[in-house]
> 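Before I ask anything, here is the structure I am working with.
Below, read A as the first sequence line, B as the second, and so on, with proteins coming before strands; counting in each chain starts at 1.
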Amino acid sequence: MRLSRYFLPILRETPKEAEIVSHRLMLRAGLIRQEAAGIYAWLPLGLGVLNKINAIIREEQIRAGAIEVLMPTIQPADLWRESGRYDAYGKEMLRIVDRHDREMLYGPTNEEMITEIVRAYVRSYKDLPLNLFHIQWKFRDEVRPRFGVMRSREFLMKDAYSFDLSAEAGRHSYNKMFVAYLRTFARMGLTAIPMAAESGPIGGNLSHEFIILAETGESEVFCHKDFLRFEPPPANIDFDDAAALEAIVGEWTGLYAATSEMHDEKAYGAVPEASRVAARGIEVGHIFYFGTKYSEPMRAVVSGPDGKEIVLSMGSYGIGPSRLAAAIIEAGHDENGIIWPEQVAPFHVGIADLKAGDPATGKLCAELEQQFENAGLDVLLDDRDERPGAKFATLDLIGLPWQVVVGPKGLAEGKVEVKQRRGGAREQLSPQDAVSHIVAAVKAARG
RNA sequence: CGGGGUAUAGCGCAGCCCGGUAGCGCGGAAGUUUUGGGUACUUCAGGUCGCAGGUUCGAAUCCUGCUGCCCCGACCA
């Protein structure tokens with residue numbers, strides 16, 4: 001992609017409404033634009049990140065056996081009357097009336113709808129277990145949206161819903177998602193720690209929040225230091241091996257970890273002092289097992305082997321991709337801008353043509369661009385007629401993991417400068433070495 | 001929803017107290033200059049001063065009402 005033909009509205013100054021670093025950088029780097037309180041448009045660079053996050057989530061959901069669907073944003077109120085949540089939900093639910101005076105709502109979540117779908121088609125125990133997920137925009141009319149897309153009213157959400165014949169099978173489904181989440185966040189370059197959680201308005205009795213540590217996190221968290229060294233489960237894990245999954249979950253829940261709401265001073269005190277971590281965290285995922293909370297009132301049942309009716313056991317599993325984009329920035333930035341991990345970077349490499357219009361630098365830049373693209377990397381070529389300083393500042397701000405600087409000085413010696421955004425290390429390499437070096441590094445990071 | 005702010009050019013702000021018809025920096029356009037870490041200078045374009053009403057010869061400025069947005073708290077993926 002040529003920057004001269006792209007849409008990258010970067011801001012030199014920080015809009016005053018942005019308090020936390022991810023919000024500031026998302027506005028400055030041209031990722032998002034606020035359209036109303038807690039409602040954002042995603043600009044090309046931001047959408048690029050969001051799509052990469054979604055792709056990782058989708059891959060890991062499918063790996064764990066979940067199947068993708070897409071449910072609407074607008075739902076009929078009657079569905080929510082069945083579960084009793086229409087009156088229970090309160091003002092956070094955006095209620096709307098259509099031209100026929102039918103009561104509708106902009107969905108804050110989809111348990112009722114997925115239960116309606118499953119009960120309509122699934123009649124036999126042979127059709128289970130089933131886990132359906134979707135990635136869709138949701139709306140919660142927060143009293144006070146803030147921190148940009150970290151706590152917005154409209155937000156993108158991956159939600160998976162599991163259906164099982166028994167609580168025990170439901171537990172296995174829960175564990176599948178638990179393990180999938182460990183892999184998902186690790187692949188985004190994040191260390192997410194599962195913490196015991198309140199199940200809130202969704203209901204249920206088994207629940208974990210996945211929290212990443214960040215100074216600007218919204219909640220106070222306490223955990224054992226060893227979590228920061230845990231390795232995520234491998235890609236070839238057998239999701240049908242219930243015992244193996246239970247062992248992994250056991251390992252990841254064996255050490256103390258809790259948010260302030262669930263904090264137990266006594267249990268935390270039992271952790272050796274040198275291993276205690278008290279920090280702030282951002283919730284990026286939340287999983288629940290809630291049994292028959294919705295299937296019972298909504299009559300989601302199947303016939304068992306003996307012909308008797310079985311009420312389905314359910315769980316739901318959320319990840320907020322839009323919030324994750326901000327969380328990843330909170331976890332990776334410096335004074336100059338964003339530092340994207342390779343796996344979610346909107347472009348893997350940025351090429352700066354320091355003398356746009358010069359035939360020699362232009363030719364080499366075009367060749368480099370082509371070679372990176374041939375290797376499957378996403379490339380942004382800054383071919384604008386700008387001063388070198390402006391190009392360096394732009395590349396640092398938007399945080400692409402690798403920068404290749406092509407200028408007349410280096411070219412005279414047959415070299416280009418390769419800079420790694422994280423850490424800032426720079427070296428002079430031949431164009432060929434630059435390509436192979438970066439391609440190898442990106443492939444290694446992608447795993 | 002309680003408390004506190006704020007609204008003037010794309011962004012950041014001054015002007016308001018003491019009413020006289022709008023300004024600065026950045027950004028944008030044109031040009032000169034510069035050429036490896038947001039260069040310097042010149043010129044230009046761009047604003048129903050959030051909206052509605054009122055006071056006044058005259059309102060960005062004073063008064064009333066409304067709305068948007070932000071911050072603190074409570075709440076929350």
> How does each nucleotide of nucleotides 68-73 of chain B score, in 5' to 3' order, for protein heavy atoms under 4.0 Å: base (B), sugar-phosphate only (S), or none (-)?
-SSBBB
> Under 5.5 Å between ring centres and under 30° between planes: true for A:F392 and the base of B:G36?
no
> Quantified in whole Å, what is the P atom distance between nucleotide B:U35 and nucleotide B:A22?
42 Å
> Assess whether one donor atom and one acceptor atom, taken from the side chain of A:R140 and the base of B:C76, lie less than 3.5 Å apart.
no
> Heavy atoms under 4.0 Å, any strand shown: does A:G320 hit a base, just sugar-phosphate, or nothing?
nothing
> Taking OH from A:Y89 and P from B:C75, how many angstroms apart are they, rounded to a whole number?
16 Å
> Quick check: on RNA chain B, is the nucleotide nearest A:N336 upstream (toward 5') of the one nearest A:M150, or the reverse? Name the residue that is more 5'.
A:N336
> Using the P atoms only, state how far B:C16 lies from B:A60, rounded to an integer number of Å.
14 Å
> Let me know the distance between CG of A:D385 and P of B:G31, rounded to the nearest Å.
11 Å
> For A:V284, which contact category applies under a 4.0 Å heavy-atom criterion: base, sugar-phosphate, or nothing?
nothing
> Between A:R81 and A:Y86, is NZ or CZ placed under 6.0 angstrom from the six-membered ring centre and within 45° of the ring axis?
yes
> May I ask you to check whether A:Y294 and A:R85 show a side-chain donor-acceptor distance below 3.5 Å?
yes
> With heavy atoms under 4.0 Å as the rule, sort A:T361 into base, sugar-phosphate or nothing.
nothing
> For a quick test of your reading: what N or O donor-acceptor pairs under 3.5 Å do the side chains of residues 339-349 of chain A make, sequence neighbours left out?
unit_1: A:W340; atom_1: NE1; unit_2: A:I398; atom_2: O; d: 3.0
unit_1: A:E342; atom_1: OE2; unit_2: A:W402; atom_2: NE1; d: 2.9
unit_1: A:Q343; atom_1: NE2; unit_2: A:R187; atom_2: O; d: 3.3
unit_1: A:Q343; atom_1: NE2; unit_2: A:A445; atom_2: O; d: 3.3
unit_1: A:H348; atom_1: ND1; unit_2: A:D378; atom_2: N; d: 2.9

> In whole angstrom, what separates A:K158's NZ from B:A77's P?
15 Å
> Please report whether the ring centroid of A:Y268 lies less than 6.0 Å from that of A:H224.
no
> For A:F155, is the NZ or CZ atom of A:R323 found under 6.0 angstrom from the centre of its six-membered ring and inside 45 degrees of the ring axis?
no
> Expressed in whole Å, how much space separates the C1' atoms belonging to B:G20 and B:C49?
16 Å
> Going by purine N1 to pyrimidine N3 plus the second Watson-Crick contact, or the G-U wobble pair, all under 3.5 Å, which nucleotide sits opposite B:A40?
B:U32
> Would you list the atom pairs, donor with acceptor, under 3.5 Å between side chains in residues 31-49 of chain A and any protein atom, with sequence neighbours excluded?
unit_1: A:Q34; atom_1: OE1; unit_2: A:Y40; atom_2: OH; d: 3.2
unit_1: A:Q34; atom_1: NE2; unit_2: A:A36; atom_2: O; d: 3.4

> Taking the six-membered ring for Trp and the full ring for Phe, Tyr or His, determine whether the centres of A:F147 and A:H23 are under 6.0 Å apart.
no
> To the nearest angstrom, how far is A:L397 atom CG from B:G37 atom C1'?
14 Å
> Counting any heavy atom closer than 4.0 Å, what does A:R426 reach on the DNA or RNA strands: base, sugar-phosphate only, or nothing?
base
> Measuring only the C1' atom in each nucleotide, how far is B:G5 from B:A45? A whole number of Å is fine.
34 Å
> Please give the distance between the P atoms of B:U56 and B:C69 as a whole number of Å.
35 Å
> Whole-Å distance between B:A74 C1' and A:K91 NZ?
15 Å
> So, is A:K355 near the phosphate of B:U35, with a side-chain N or O under 4.0 Å from OP1 or OP2?
no
> Base, sugar-phosphate, or nothing for A:K419, non-hydrogen atoms under 4.0 angstrom?
base
> What is the distance, rounded to the nearest whole Å, between atom CG of A:L27 and atom C1' of B:G12?
14 Å
> Which of the following nucleotides, B:C26, B:G36, B:A77, is nearest to the side chain of A:E13?
B:C26
> What integer number of Å spans the P atoms of B:C66 and B:C26?
40 Å
> Looking at the side chain of A:R387, which of B:A77, B:G36, B:U34 is the nearest nucleotide?
B:U34
> Roughly, in whole Å, what's the span from CD1 in A:I10 to C1' in B:G28?
14 Å
> Suppose we define a pair by two distances each less than 3.5 Å, Watson-Crick or G-U wobble; what does B:C49 pair with here?
none
> Under 3.5 Å for both donor-acceptor distances, Watson-Crick or wobble: does B:A7 have a partner, and if so which one?
B:U67
> Say we look at B:U33 and B:C11: how far apart would their C1' atoms be, to the nearest angstrom?
27 Å
> Centres of the A:Y181 and A:F210 rings: under 6.0 Å?
yes
> Would you call the rings of A:Y161 and A:H134 parallel, tilted or perpendicular if under 30° counts as parallel and over 60° as perpendicular?
tilted
> Could you work out the separation of B:A59 and B:G15 based on their C1' atoms and round it to a whole Å?
14 Å
> Could you tell me the separation between the NE2 atom of A:H134 and the P atom of B:A77, rounded to a whole number of Å?
17 Å
> Could you identify the nucleotide paired to B:G2, looking across every strand shown and requiring Watson-Crick or G-U wobble geometry with both distances under 3.5 Å?
B:C72
> Less than 4.0 angstrom between a side-chain N/O of A:K391 and OP1 or OP2 of B:G36, yes or no?
no
> Are A:F178 and A:W252 an aromatic pair by the rule of ring centers under 6.0 Å?
no
> Which part of the nucleic acid, if any, lies within reach of A:L354 when heavy atoms closer than 4.0 Å are counted: base, sugar-phosphate only, or nothing?
base
> Counting the atoms with a prime plus P, OP1 and OP2 as sugar-phosphate, which does A:G410 contact under 4.0 Å by heavy atoms, base, sugar-phosphate, or nothing?
base
> Using heavy-atom distances to pick each residue's nearest nucleotide on RNA chain B, tell me which of A:D396 and A:S322 is more 5'.
A:D396
